[in-house]
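Treat the numbers as computed from the prediction; the structure is a model and nothing was measured.
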Amino acid sequence: MKKVLAWLGSSEGNAPVGASGSAVPAVTAAQQQYFDYWKGQDVDVQPFFDVIADDAKTIAPPTGAGYAKGLAAYDPIFKEIFAGTTPVADGLKKAQEAANAAIND
């Protein structure tokens with residue numbers, strides 16, 4: 001088990017995560033593959049990292065008592081948007097309406 005955990009925490013173990021573009025590897029030495037993947041897709045991911053680079057200029061997103069209900073309502077719709085089965089504009093409107101209805105329920 002120790003060997004598996006050590007490998008998972010290594011550059012080699014994190015490489016598939018970055019190479020597929022599915023997530024930013026936690027091991028910083030393996031992160032370049034993530035950037036290379038998205039560059040190959042002609043997607044600039046740098047704005048996501050610019051936002052988190054300066055914590056003094058960012059705030060946490062608001063959450064509250066109704067957040068979990070809102071998330072449960074909009075998450076399946078966001079999945080449709082990201083899957084390409086629902087047009088973005090229509091999906092965002094539908095997600096907003098569903099989340100608002102859930103929160104206000």
Side-chain angles (χ1 to χ4, degrees):
M1 182 61 101
K2 283 184 179 182
K3 286 182 180 181
V4 171
L5 292 175
W7 180 80
L8 287 172
S10 71
S11 293
E12 181 185 3
N14 270 229
V17 175
S20 67
S22 59
V24 180
V27 176
T28 55
Q31 290 179 355
Q32 189 59 48
Q33 292 181 350
Y34 173 84
F35 294 110
D36 292 345
Y37 173 85
W38 287 109
K39 184 176 182 180
Q41 301 295 314
D42 200 27
V43 174
D44 181 11
V45 296
Q46 190 58 48
F48 294 108
F49 295 89
D50 291 344
V51 168
I52 61 173
D54 185 359
D55 291 335
K57 294 184 180 177
T58 61
I59 58 172
T63 59
Y67 180 78
K69 291 194 299 184
L71 173 63
Y74 79 72
D75 187 55
I77 302 165
F78 267 44
K79 288 178 181 173
E80 293 173 8
I81 294 169
F82 288 118
T85 57
T86 297
V88 175
D90 295 340
L92 290 175
K93 185 175 191 306
K94 184 177 172 185
Q96 180 178 7
E97 291 169 353
N100 285 340
I103 290 169
N104 294 321
D105 184 27

- Interatomic spacing from OG1 in T86 to NZ in K93 - rounded to 0.5 Å: 14.5 Å

- Message: According to side-chain hydrogen bond (donor to acceptor under 3.5 Å, both in side chains), who are the partners of S11, at least two apart in sequence or on a separate chain?
- Response: none

- Task: Answer with yes or no whether the hydrophobic clustering places Y37 together with V45; edges join I, L, V, M, F, W, Y residues whose side-chain heavy atoms lie under 4.5 Å apart.
- Result: yes

- Task: Report whether I81 and Y74 are members of the same hydrophobic cluster (ILVMFWY, side-chain heavy atoms less than 4.5 Å apart, transitive linking).
- Result: yes

- Residue pair A30 / A15: nearest heavy atoms and the distance that separates them: CB-N, 4.2 Å

- Message: With rounding to the nearest 0.5 angstrom, report the CD to CG distance, E97 to L92.
- Response: 11.0 Å

- Over 12 foreign heavy atoms within 6.0 Å of CD, Q96: no

- If you group Ile, Leu, Val, Met, Phe, Trp and Tyr by side-chain heavy-atom gaps below 4.5 Å, do F49 and V43 land in one group? yes

- Query: Minimum heavy-atom separation for P25 to Y34, with atom names?
  - Reply: CD-CB, 3.8 Å

- Path from V17 to W7 over hydrophobic side-chain contacts below 4.5 Å: no

- Message: Nearest 0.5 angstrom please: Q46 CD to K39 NZ, how far?
- Response: 11.5 Å

- Query: Taking it one step at a time, do Q32 and D36 satisfy side chain to side chain contact (heavy atoms under 4.5 Å, CB included)?
  - Reply: CA-CA 6 Å; Q32 189 59 48; D36 292 345; 2.8 Å; yes

- Point-to-point distance, once rounded to the nearest 0.5 Å, from CG of N14 to OG1 of T28: 9.5 Å

- Item | Spatial distance of atom OH (Y67) from atom CD1 (I103) [nearest 0.5 Å] | 9.5 Å

- Could you state whether V24 and F48 fall into the same hydrophobic cluster, counting links through intermediate Ile, Leu, Val, Met, Phe, Trp or Tyr residues with side-chain heavy atoms under 4.5 angstrom apart? yes

- Query: Going from CG on D105 to CG on N100, what distance comes out if it is rounded to the nearest 0.5 angstrom?
  - Reply: 12.0 Å

- Task: Grab the two heavy atoms, one from A73 and one from A98, that are nearest each other, plus how far apart they are.
- Result: CB-O, 3.5 Å

